[in-house]
Protein chains: 2
Amino acid sequence: MDRVKLFNDFLSQKGLKSTSQRKLILETFLESASHYSTEELYLKLRKEHPRIGYATVHRTLKLFAECGIAAERNFGDGQTRFESVHADEHHDHLVCTKCGLIIEFEDQKIEELQKLVASQHNFKIENHRLELYGLCKHCRSPK
Amino acid sequence: MDRVKLFNDFLSQKGLKSTSQRKLILETFLESASHYSTEELYLKLRKEHPRIGYATVHRTLKLFAECGIAAERNFGDGQTRFESVHADEHHDHLVCTKCGLIIEFEDQKIEELQKLVASQHNFKIENHRLELYGLCKHCRSPK
DNA sequence: ATCTTTCTGAAAATCGTTTTCAATATCTTC
DNA sequence: GAAGATATTGAAAACGATTTTCAGAAAGAT
Ligand SMILES: [Mn+2]
Ligand SMILES: [Mn+2]
Ligand SMILES: [Zn+2]
Ligand SMILES: [Zn+2]
């Protein structure tokens with residue numbers, strides 16, 4: 001559990017405290033590979049821990065993002081989503097507009113061409129987002 | 001003025017009315033090539049037409065999007081922006097995180113590679129977004 | 001001109017997110 | 001293991017962008 005240590009180091013370095021809620025939220029967040037909205041993770045946690053508060057879940061997700069173990073995403077449904085980040089890996093997304101399925105991909109050629117475009121405009125890229133929206137394999141076929 | 005006719009056809013086809021506000025908003029929207037938030041366009045309009053309402057501006061922008069003469073964009077600053085769409089042209093964006101400058105580009109190779117990625121996942125693309133965030137030419141150089 | 005329907009603008013409502021605040025938990029220091 | 005200092009929690013309120021409501025005004029049909 002490398003990310004747990006990473007988060008604890010982040011907390012102590014910032015003078016923040018290690019609480020049972022933070023441990024619980026991190027554990028649950030790491031359990032699944034999904035792209036959670038605050039609401040979704042809150043509802044999942046509340047099943048087993050009815051005392052947990054929405055604000056705590058949200059604040060903790062923001063902390064994950066701040067320390068780099070989570071990334072904030074926005075797929076245009078009006079909710080910010082958080083996903084677990086592995087080391088310095090990067091990926092982009094295919095998003096099914098019908099069932100919500102999210103597929104991750106990385107294409108090195110596209111990444112290169114992005115850099116080329118940026119340099120042609122004298123632009124220094126800090127980050128980017130590429131999302132392909134459409135119908136997934138299952139939602140394409142009627143039946 | 002092709003887009004004016006397009007909008008009027010859209011209105012009459014839907015049983016909607018052609019009002020002085022709608023004419024004015026469309027005219028002002030088309031005048032500039034910028035990526036307007038509702039707020040921005042509202043403030044611009046209000047200078048010459050203090051009686052216009054925010055809700056009317058917003059509703060009208062949504063109508064533009066619905067009839068295809070505008071597209072909704074979201075560059076992560078929490079505001080929906082509307083830009084004029086020319087025919088079926090498509091483009092992506094470079095966004096300066098410091099000054100807000102928006103540069104448009106289209107790279108045919110990237111578009112091709114996106115299709116390839118999609119087909120590899122048996123995915124049917126409906127639309128996509130590619131945004132490169134960073135520093136523009138001016139904001140890069142200190143001075 | 002009259003009637004019917006849609007539109008407008010101000011204000012209120014909504015939705016996701018963030019902040020506030022009093023009670024509680026954690027961490028230090030003795 | 002207390003006691004004190006500081007950060008955290010959860011509920012509720014505040015927030016900011018967007019959307020809806022509603023009564024009066026305007027547009028279009030007859
Ligand atoms: Mn992902
Ligand atoms: Mn554009
Ligand atoms: Zn699907
Ligand atoms: Zn700039």
Side-chain angles (χ1 to χ4, degrees), chain A residues 4 7-28 35-67 70-82 100, chain B residues 7-29 35-67 70-82 100:
Chain A
V4 174
F7 185 54
N8 285 331
D9 289 354
F10 170 81
L11 288 179
S12 60
Q13 190 200 331
K14 282 226 152 193
L16 305 179
K17 289 171 178 171
S18 176
T19 67
S20 63
Q21 289 91 336
R22 284 177 178 164
K23 285 177 206 154
L24 170 67
I25 295 167
L26 179 53
E27 189 183 311
T28 309
H35 299 73
Y36 280 116
S37 66
T38 299
E39 177 81 13
E40 285 168 359
L41 185 53
Y42 167 66
L43 290 177
K44 176 165 187 182
L45 283 161
R46 212 176 52 168
K47 286 179 188 164
E48 302 270 332
H49 307 271
R51 306 288 318 271
I52 200 137
Y54 180 97
T56 302
V57 175
H58 188 72
R59 282 186 286 231
T60 305
L61 284 170
K62 298 293 262 187
L63 284 180
F64 294 169
E66 193 184 338
C67 87
E72 293 189 40
R73 300 283 191 177
N74 198 295
F75 297 129
D77 63 348
Q79 299 211 298
T80 301
R81 292 176 178 282
F82 295 82
Chain B
F7 185 54
N8 285 331
D9 289 353
F10 169 81
L11 289 179
S12 62
Q13 189 199 333
K14 282 225 152 194
L16 305 178
K17 289 173 178 170
S18 176
T19 67
S20 64
Q21 288 91 335
R22 285 177 177 163
K23 283 177 205 153
L24 170 67
I25 294 167
L26 178 54
E27 189 184 309
T28 308
F29 177 69
H35 298 75
Y36 279 117
S37 66
T38 300
E39 178 80 12
E40 286 168 359
L41 185 54
Y42 167 65
L43 289 177
K44 176 164 188 182
L45 283 161
R46 214 177 48 169
K47 285 179 189 164
E48 303 270 333
H49 307 272
R51 306 289 319 271
I52 199 136
Y54 181 98
T56 302
V57 176
H58 188 73
R59 282 185 286 231
T60 305
L61 283 170
K62 298 292 264 187
L63 284 181
F64 294 170
E66 193 185 337
C67 87
E72 293 188 40
R73 299 284 191 178
N74 197 296
F75 297 128
D77 64 348
Q79 299 211 296
T80 301
R81 292 176 179 283
F82 295 82

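Reminder, nothing fancy here: chain letters follow the sequence lines and each chain counts from 1.
- Side-chain atoms of S18(A) lie closest to dC27(C) of the nucleotides dC27(C), dA17(D), dT9(D).
- Checking side-chain atoms of R22(B) against main-chain N and O of L11(B) turns up no donor-acceptor pair under 3.5 Å.
- Within 4.0 Å (heavy atoms only), R59(B) reaches at least one base atom of the nucleic acid.
- Phosphate contact (OP1/OP2 of dG16(C), side-chain N/O of T38(A), threshold under 4.0 Å): absent.
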Run Y36(B) and F82(B) through ring pair (Phe, Tyr, Trp, His ring centres under 6.0 Å) and show every step you take.
CA-CA 5 Å; Y36(B) 279 117; F82(B) 295 82; 9.6 Å; no

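- Contacts of S37(B) with the nucleic acid, taken as non-hydrogen atoms under 4.0 Å apart, are absent.
- Within the 4.0 angstrom heavy-atom criterion, only backbone atoms of the sugar-phosphate kind lie near T80(A); the bases stay farther away.
- The base of dT6(D) sits within donor-acceptor range of the side chain of K17(A), with an N or O pair under 3.5 Å.
- If you measure from atom CD of E72(A) to atom P of dT18(C), you get 7 Å, rounded to the nearest angstrom.
- A pairwise comparison of heavy atoms in I52(A) and Y42(A) identifies O-CE1, 3.5 Å as the closest pair.
- For dA27(D), the OP1/OP2 oxygens have no side-chain nitrogen or oxygen of R22(B) closer than 4.0 Å.
- As rounded to whole Å, 14 Å separates atom P of dT26(C) from atom CG of N8(A).
- Rounded to an integer number of Å, the gap from CG of L63(A) to P of dT9(D) is 9 Å.
- Phosphate proximity of dA25(C) to Q21(A): absent, as no side-chain N or O sits under 4.0 Å from OP1 or OP2.
- Rounded to a whole Å, the NZ atom of K23(B) is 11 Å from the P atom of dT8(C).
- Taken to the nearest 0.5 Å, the CZ atom of R51(B) stands 12.5 Å off from the CZ atom of R46(B).
- Listed pair T19(A) / dT8(D) fails the phosphate criterion, with no side-chain N or O lying under 4.0 Å from OP1 or OP2.
- Atom CZ of R73(A) is separated from atom P of dG16(C) by 21 Å (rounded to the nearest Å).
- You'll find that the side chain of L16(B) is closest to dC7(C), out of dC7(C), dG16(C), dA7(D).
- Side-chain proximity of I52(B) to dG9(C), dG10(D), dT19(D): nearest is dG9(C).
- A straight line from CZ of R51(A) to P of dA11(D) spans 7 Å, rounded to a whole angstrom.
- The side-chain contact (heavy atoms from CB on, under 4.5 Å) test with H49(B) singles out one residue from L24(B), T28(B), I25(B), and that residue is L24(B).
- Computed from coordinates, the Y42(B) OH to dG16(D) C1' distance equals 16 Å when rounded to whole Å.
- Per the geometry, OH belonging to Y54(B) stands 6 Å off C1' belonging to dT18(D), to the nearest Å.
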